[in-house]
Amino acid sequence: LPWYEHKMVPSSPASFDATSWLLFLAVLVNQSGRVMVPSLKTSVLADPDFGEPFAAVVGGLLSGVSIVCLGGKLLGAAFTDRLGGWLVLVTVFVMWLAATAGAIAAPTVDVFGYMWLLNSFAYTVTWGAAVQVVGAVYGEKERPAQLSKVASASRFGATLGNLFFGQLLSAGFAWRRVMMPMVPLQAALLLLCTYKYFTDSGLRASAAAAAASSARCIRNSATSNPMPPAPTMATRSPTAARRCSTSTYDATFGWSHPGSESERGTTPVARTTRS
């Protein structure tokens with residue numbers, strides 16, 4: 001295969017598939033962050049500064065989270081295929097990093113609520129972006145295994161998130177400090193997804209340029225070496241004229257004219273039957 005098509009060759013089972021594991025980690029950490037704020041809700045309600053105002057708006061925030069998740073699914077379905085999965089994942093981690101940092105430093109309940117909504121929107125779009133990358137990178141035989149891997153990351157991420165945040169709260173950490181470990185994880189995944197986006201964009205551009213160059217070479221070759229025209233009916237003998245409609249052209253041997261055995265100079269072998 002040409003060098004620009006090598007990226008489409010499925011990886012062997014023994015090799016390390018960086019794309020597959022990056023998608024797994026992105027969905028795993030993303031789904032862990034999905035349960036971050038719900039896991040901290042009790043601690044936020046117990047906060048002397050945030051407890052009372054948060055209790056007054058938490059019901060409306062839960063409704064808003066549901067609406068934002070629905071809108072995220074619709075927008076993700078509309079734009080993910082156009083933008084590409086890696087670019088959407090980069091955007092997701094930018095929003096998610098901003099939401100986590102904003103929730104940690106939130107001075108008021110209103111700001112905390114807006115960051116919660118932004119967090120919900122970000123994790124809703126992640127699944128569609130990961131599926132788009134799987135469909136674009138892997139062949140038909142590899143896709144089911146990769147989709148199962150991403151789906152398992154989604155389930156494990158939510159479970160691990162509840163365990164992780166619950167253990168930190170049980171250890172006596174304040175709810176703001178419990179969210180801090182997510183910031184470096186999100187930043188690292190943002191950098192990795194950005195790297196994959198730019199490297200894949202470069203490969204696609206090189207592949208498109210190589211394909212265009214190959215098409216130009218084919219057109220130039222066809223122009224400089226045209227196929228010779230078939231002999232016309234006027235230049236053929238009566239016998240050849242009868243075979244004109246069945247003539248075929250071969251690039252090596254020229255025009256071929258199938259005919260009967262007697263016309264090719266051979267004599268049919270007489271068949272005998274037993275009485």
Could you tell me if the side chain of [Y] sits less than 4.5 Å from the side chain of [X], heavy atoms only?
X: Phe24; Y: Val150; answer: no
X: Val88; Y: Gln132; answer: no
X: Phe79; Y: Thr91; answer: no
X: Ser20; Y: Tyr138; answer: yes
X: Val44; Y: Trp116; answer: no
X: Leu22; Y: Leu189; answer: yes
X: Trp86; Y: Leu23; answer: yes
X: Phe93; Y: Leu191; answer: no

Among Leu160, Thr159, Asn162, Leu40, whose side chain to side chain contact (heavy atoms under 4.5 Å, CB included) with Val35 holds? Asn162
Quick one: side-chain hydrogen bond (donor to acceptor under 3.5 Å, both in side chains) partners of [X], sequence neighbours excluded?
X: Ser32; value: none
X: Gln31; value: Arg34
X: Thr19; value: Lys196
X: Asp49; value: none

Verify the cluster assignment for Tyr123 and Phe112: are they in a single hydrophobic cluster under the rule of side-chain heavy atoms below 4.5 Å apart? no
May I ask whether Leu45 and Val109 are part of the same hydrophobic cluster, defined by side-chain heavy atoms of I, L, V, M, F, W, Y residues being less than 4.5 angstrom apart, directly or through others? yes
Which pair of non-hydrogen atoms, one from [X] and one from [Y], has the smallest distance, and what is that distance?
X: Leu89; Y: Cys193; answer: CB-SG, 4.2 Å
X: Ala122; Y: Asn30; answer: O-ND2, 4.3 Å
X: Thr80; Y: Gly128; answer: CG2-O, 3.8 Å

Output side-chain donor-acceptor pairs under 3.5 Å for residues 170-184, partner residues at least two apart or in another chain, one line each.
unit_1 : atom_1 : unit_2 : atom_2 : d
Ser170 : OG     : Gly166 : O      : 2.9
Trp175 : NE1    : Asp47  : OD2    : 2.9
Arg176 : NH1    : Ile104 : O      : 2.6
Arg176 : NH1    : Ala106 : O      : 3.2
Arg176 : NH2    : Ala106 : O      : 3.1

What do you reckon, is CZ of Phe50 surrounded by more than 12 foreign heavy atoms closer than 6.0 Å? yes
Please set out all donor-acceptor pairs under 3.5 angstrom arising from side-chain atoms of residues 54-75, sequence neighbours excluded.
unit_1 : atom_1 : unit_2 : atom_2 : d
Ser63  : OG     : Gly59  : O      : 3.4
Ser66  : OG     : Leu62  : O      : 3.4

